[in-house]
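Before any comments, here is the structure.
What you see is a predicted model, and the numbers here were worked out from it, not measured in a lab. Here is the naming used below: chain letters follow the sequence lines, and residue numbers restart at 1 for every chain.
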There are 2 protein chains.
Amino acid sequence: MTIWGNLGKRLRNCYREGVNEHPPPGGPAPMADVADAAGVAVSTVSRALRGRPGVSRAQREQILRVADELSYSVSASASRLAGGRTGAVGVLVPRIDGWFHSTAVAGLQERLHEHGLDLVLYRLQGREERAEFFDRRAFRHRVDALAVVGTTLTPDEEGLLAAADLPVVGVSTRPSGRPFTDVDDHAGAAGATRHLTNLGHERIAILRSTTLLGTHGAVSHERYAGFCDAMAERGLEVPEAYVVSAPWGLEGGAQAMAELLSAATPPTAVFAESDEVAIGALRTLRRSNIEVGRGMSVIGFDDHQLAELLDLSTVAQPVHEQGRTGGDLVVEALDNGRVAEPERVLPTRLVVRGTSAGH
Amino acid sequence: MTIWGNLGKRLRNCYREGVNEHPPPGGPAPMADVADAAGVAVSTVSRALRGRPGVSRAQREQILRVADELSYSVSASASRLAGGRTGAVGVLVPRIDGWFHSTAVAGLQERLHEHGLDLVLYRLQGREERAEFFDRRAFRHRVDALAVVGTTLTPDEEGLLAAADLPVVGVSTRPSGRPFTDVDDHAGAAGATRHLTNLGHERIAILRSTTLLGTHGAVSHERYAGFCDAMAERGLEVPEAYVVSAPWGLEGGAQAMAELLSAATPPTAVFAESDEVAIGALRTLRRSNIEVGRGMSVIGFDDHQLAELLDLSTVAQPVHEQGRTGGDLVVEALDNGRVAEPERVLPTRLVVRGTSAGH
DNA sequence: CTCCAAGACGCAAACGTTTGCGAAACGAGG
DNA sequence: CCTCGTTTCGCAAACGTTTGCGTCTTGGAG
């Protein structure tokens, strides 16, 4: 400890104690207070808190103790400004209400919180909201990394993200060249389809769902491909009338099902790309007095909370865990600059309930 | 314009153009770049961007135009550090998955986004998570205001928030001395109860729901009081066996209903404090082959998405709009330092469906 | 005892913005 | 032409942290 160092501290303390006995309790205690209390310089406090080398064990422990006593927490703003981290991660969702996205975000939040990271929620709903987000790039000042949840980025959007030079991970989506976690939608859809063919069904329709933008996302394409491949395996044909697209949700499913029922030869089973759509279809079937499970089999995808209640057969995917895994990816990218297994595909599971039965 | 001012800018431009033709495209453009491009000082840019007086109309417009061309956005960190705003609002929720909270947050996000505010999500789930949040108070460095959504704060927690000196608003909760928005739970519950008594029911039970902490929140107390008052109005008694508490959710409701069915004299109608609980009760009734609407009437509270699907009578509350109104409160508090109508009670609406019928 | 290397720590310069204060410019009145 | 007031704008000092660099300390070898 240098003479000057001590002197400096003395002077500061004199000032503090003499002129301004009680520091205003309003503002957060700055790092300088911790330094004073611990009898070291702010630079040492900073190094101790960030786990940087150049601080002796004893000092480090003492500083951590003092910081804890003062319930000190670093100013994210100042830290970021000086070249450090903000300690926050941006999460991009097309919407936050709705089962899938809120569950995935909950899983993400869980992991991020374990690592002391805050979560900034960005909603990308509608074209101009997306455009504004990627154009302004205000997130660069606020977050250390981004997690994209359940929405497919356009090449343009990916390009703009790349310019920001932040780690980006995908949850239930695969941004090109980035780590991601999702499920094997193709295999899941194929499994559901095989389940129906194994029950003896041959005339099987598919209810496809579109995003808020009215297009099919990558997930939809995968599930459709899985369906088609499984049908082809068995040498079964899929007439054009058996492929119906509807906006995601109950209403869409209900209408799409009505359309199917008006076909020249209605199908005997239906695979819906999502449970919400399947449930809408169920409603139409109930209202048409068609006994589900006997007259018509239905299977969905997701294992939505409602599926169990309504006894809907489905392909379960671990949504909460996808969120958590996404959190892991972010944390690893932030800690090491890279992630070990950048492609984490979680398993799906066929859940057979009452709405699918033999023909 | 002073000679020195122009000279300063010239020198900077020379440097930039000569030595470093293309500024590194990675980092965000600082305010100085906008100042240079507009031919003014950074202080003027700052004032123009924040709408402060002391800038001529012409300059202000030109600066805004230039800033837009450069797609400039201020650094939240630097702004905050220098005494400005972070442009972010913290949202406190007990959980983010689940219909009520995610819908309210969606409404909040909508309004905040309209006013250029970002949303930082804090989850307060479990006692120690709450304690840690209020003890560290890390949010002070990150957000300009807080919105508490759907959870009751303890007096201690309110005290710690007060020390942080931030605007705080409540959504579906009433932090003492703070602006809030919610619905009249007492009146809503009383209305539901009167609906049942008007149908001729006299033996009416109530399914109360507890929070994640196992306690009854303020909302639960209000709804219970509304139920009791409406019963008292008609001179009807509420035996102890007709008041059952269960953890919030399907399972809790299912178990609580089972308990009621094992009473010496089962009730003829049930008011559930929330739709989730009511739906759990419906499941038990269906499994017991008790015809809902004839043998037993059920009414819930919330108008959950499922209520319509399951034909559940209920008291509808505007969740999304509560979120939006909460956003309004935050924006007004931030803009004016105070809000005009700090208590915004939105209307509930009795929705009669198939599960409630005469006795 | 002297010298040297390595480890521990302090100093000070950034980072990008906000804002009080002072100076310049301009117009009007004397 | 001088003075004064008003408006517009630049200067520079914060804000709290990080980090390169320099200095001091410590302990061991020569």
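Phosphate contact (OP1/OP2 of D/dT8, side-chain N/O of B/Gln59, threshold under 4.0 Å): absent. Side-chain N/O atoms of B/Tyr72 include one lying less than 4.0 angstrom from OP1 or OP2 on C/dT17. Distances shorter than 4.0 Å separate none of the side-chain N or O atoms of A/Thr44 from OP1 or OP2 on C/dC9. Checking the phosphate oxygens (OP1, OP2) of D/dT18, a side-chain nitrogen or oxygen of A/Arg50 falls inside 4.0 Å.
Among C/dG16, C/dG10, D/dT17, the nucleotide with an atom closest to any side-chain atom of A/Val40 is C/dG10. Set against D/dG16, C/dT17, D/dT19, the side chain of A/Arg52 has D/dT19 as its closest nucleotide. Here the nucleotide nearest the side chain of B/Ser56, chosen from D/dC15, D/dT18, D/dT8, is D/dT8. Distances were taken from every side-chain heavy atom of A/Pro30 (C-beta onward) to each of D/dG16, C/dT17, C/dG10; the shortest belongs to D/dG16. Listed candidates were C/dT19, C/dG10, D/dG16. Nearest to the side chain of B/Ser46 is C/dT19.
Residue B/Val55 is in sugar-phosphate contact alone, with no base atom involved, counting any heavy-atom pair closer than 4.0 Å across all strands shown.
Electrostatic pairing of A/Arg80 and A/Asp144 counts as a salt bridge here, judged by a charged N lying under 4.0 Å from a carboxylate O.
Separating the CD1 atom of B/Ile63 from the P atom of D/dC9 is a distance of 7 Å, rounded to the nearest angstrom. For the pair A/Asp33 CG and D/dG16 P, the computed distance is 9 Å after rounding to whole Å. The separation between A/Arg85 atom CZ and C/dC15 atom C1' is 16 Å, rounded to whole Å. Rounded to whole Å, atom C1' of D/dT19 lies 15 Å from atom CG of A/Leu49. For the pair A/Met31 CE and C/dC9 P, the interatomic distance rounds to 16 Å; values are reported in whole Å. Nucleotide C/dT18 holds its C1' atom 14 Å from the CG atom of B/Asp144, rounded to whole Å.
Partners of A/Phe133 by ring pair (Phe, Tyr, Trp, His ring centres under 6.0 Å), not counting sequence neighbours, listed by chain and number: A/Tyr122, A/Phe139.
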| task | List the steps and the verdict of side-chain hydrogen bond (donor to acceptor under 3.5 Å, both in side chains) for B/Thr151 and B/Arg130. | result | CA-CA 11 Å; B/Thr151 186; B/Arg130 289 180 88 105; 3.1 Å; yes
Protein-nucleotides 20-23 of chain C N/O pairs under 3.5 Å:
unit_1, atom_1, unit_2, atom_2, d
C/dG20, O6, B/Arg47, NH1, 3.4

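With hydrogens and angles disregarded, a donor-acceptor distance shorter than 3.5 Å links the side chain of A/Arg60 to the backbone of A/Arg52. The backbone N or O of A/Ala58 sits nowhere less than 3.5 Å from a side-chain atom of A/Gln62 that would complete a donor-acceptor pair. Using modelled atom types, no side-chain atom of B/Arg85 and backbone atom of B/Gly87 make a donor-acceptor pair closer than 3.5 Å.
Residue-environment remark: CD (A/Glu61) exceeds the threshold of 12 foreign heavy atoms within 6.0 Å.
Of the two residues near DNA chain D, A/Leu81 and B/Val45, the one whose nearest nucleotide lies more 5' is B/Val45.
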